[in-house]
There are 2 protein chains.
Amino acid sequence: MEVRRDVFQAIADPTRRAIILLLTVGALTPNAIAEHFDSSRQAVSKHLQILTECEILKQEQQGREIHYHLNAAKMQDIEKWLEQFKQLLAKRFDQLDVVLEQLKTKRK
Amino acid sequence: MEVRRDVFQAIADPTRRAIILLLTVGALTPNAIAEHFDSSRQAVSKHLQILTECEILKQEQQGREIHYHLNAAKMQDIEKWLEQFKQLLAKRFDQLDVVLEQLKTKRK
DNA sequence: TTTATGTGCAATTATTTGGTTGCGCAATAG
DNA sequence: CTATTGCGCAACCAAATAATTGCACATAAA
């Protein structure tokens, strides 16, 4: 629980993915979140800490309660990478198209 | 290196993400892949194994060489989750719209 | 004020990870 | 046939992870 802290590592854990989906509905306190899971409040709290550290979540103190809410923008990090992947893949198919085109040209 | 095997865990590692991007260009052998990284062939091989187990990669034996190539379809697992996330988020904003609409109505 | 509640934090532990080294084996090259 | 090359696999290791337990400390309720 020390060094790695990026969105990809954050969503690697199924509980954290579930927390993210849960919080799309709105901000919740650690206790409220923990109720949705089998794990203890402290375990959930650690996940919240990790998610907060990589800026997927933001805390908002209200009296003695802390409301965790989504920073949806951060999820774009994943989308960005996926987009890059798709672009590269598209490029590859472009090259394939070029090859096919060459074959067609040679044939005649 | 035993049990967990899903796409999210697979892309959590930066080396594995790099391998995925690298293979968008086309199939490569473990040695060819390893040349692109600092880690040993065996280390890379382990990553390939993980990526293969979760079906992001597929092997194709050719003589004593093994060509690893992408199963791009598998990446949709990530996209699917992201899509679900965005849908839920959109729903939330719909509800916000409803609230704002109500406020507007009450005001007059 | 006293008690209960909501939460973070530290220490401990079991498990998983990512990596290295060394081996064996099949396919190819000489 | 012999040497080399390309790989996977097993054993081992350090570091990271996930979860528990036990506190401490505020804030809010009695």
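In what follows, chains are A, B, ... by sequence order, proteins preceding strands, each numbered from 1. Atoms considered below: every heavy atom in the structure, side chains included; atoms not considered: hydrogens, waters and symmetry mates.
When each of D:dA18, C:dG19, D:dG8 is scored by its nearest atom to the side-chain atoms of B:Y68, the top-ranked nucleotide is D:dG8. Checked against C:dC9, C:dG8, D:dG8, the side chain of A:Q49 finds its nearest nucleotide in C:dC9. Distance from the side chain of A:S40 is smallest to D:dT20 among D:dT20, D:dG8, C:dT7. Among the nucleotides D:dT20, C:dG19, C:dG8, the one closest to any side-chain atom of B:H47 is C:dG19. Here D:dC7 is the nucleotide among D:dC7, C:dG18, D:dG8 with the atom lying nearest to any side-chain atom of B:E65. For A:N31, counting side-chain heavy atoms from C-beta on, the closest listed nucleotide (C:dG6, D:dG8, C:dT17) is C:dG6.
Between A:T15 and the phosphate of D:dA18, there is no side-chain N or O to OP1/OP2 separation shorter than 4.0 Å. One finds no side-chain N or O of B:Q61 lying less than 4.0 angstrom from the OP1 or OP2 phosphate oxygen of C:dA26. Between C:dG8 and A:S45, a contact under 4.0 Å exists linking OP1 or OP2 to a side-chain N or O.
A:D13 has its CG atom 11 Å from the P atom of C:dT17, to the nearest Å. Straight-line distance from the CZ atom of A:F8 to the P atom of D:dT17: 16 Å, rounded to whole Å. Rounding to whole angstrom units, CG of residue A:L48 and P of D:dA19 are separated by 12 Å. We find that CD of B:E60 is positioned 14 Å from P of D:dG8, with the value rounded to whole Å. The nearest whole Å value for the distance from the NZ atom in B:K46 to the P atom in D:dA14 is 15 Å. The distance between atom CG of B:D38 and atom C1' of C:dT20, rounded to the nearest whole Å, is 15 Å. Atom CD of B:Q9 is separated from atom P of D:dA16 by 17 Å (rounded to the nearest Å). Atom CD of A:E35 and atom P of C:dT7 are 10 Å apart (whole Å).
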Practice problem: Sugar-phosphate atoms are those with a prime plus P, OP1 and OP2; base atoms are the rest. Using that split, label each nucleotide of nucleotides 23-30 of chain D B, S or - for protein heavy atoms under 4.0 Å, 5' to 3'. | Solution: ----BS--

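Interatomic distance, A:E60 CD to A:T29 OG1, rounded to the nearest 0.5 Å: 13.0 Å. Atoms CG and CG, from A:L23 and A:L48 in turn, are 7.5 Å apart once rounded to the nearest 0.5 Å. The CD1 atom of B:I20 sits 11.5 Å away from the CG atom of A:L89 when rounded to the nearest 0.5 Å.
Side-chain atoms of A:Q49 and A:E53 include a donor-acceptor pair closer than 3.5 Å.
Put simply, the side chain of B:R16 gets close to the backbone of B:A10: a donor and an acceptor are under 3.5 Å apart. With hydrogens and angles ignored, the 3.5 Å screen pairs no side-chain donor or acceptor of A:Q76 with any backbone N or O of A:I78. Side chain of B:N71 to main chain of B:K58: no donor-acceptor pair is present (N/O by atom type, distance under 3.5 Å, no hydrogens or angles). Between the side chain of B:R17 and the main chain of B:I11, a donor-acceptor pair closer than 3.5 Å is present.
In the region residues 19-28 of chain B, proximity to DNA chain D at under 4.0 angstrom, judged on heavy atoms, holds for none of the residues.
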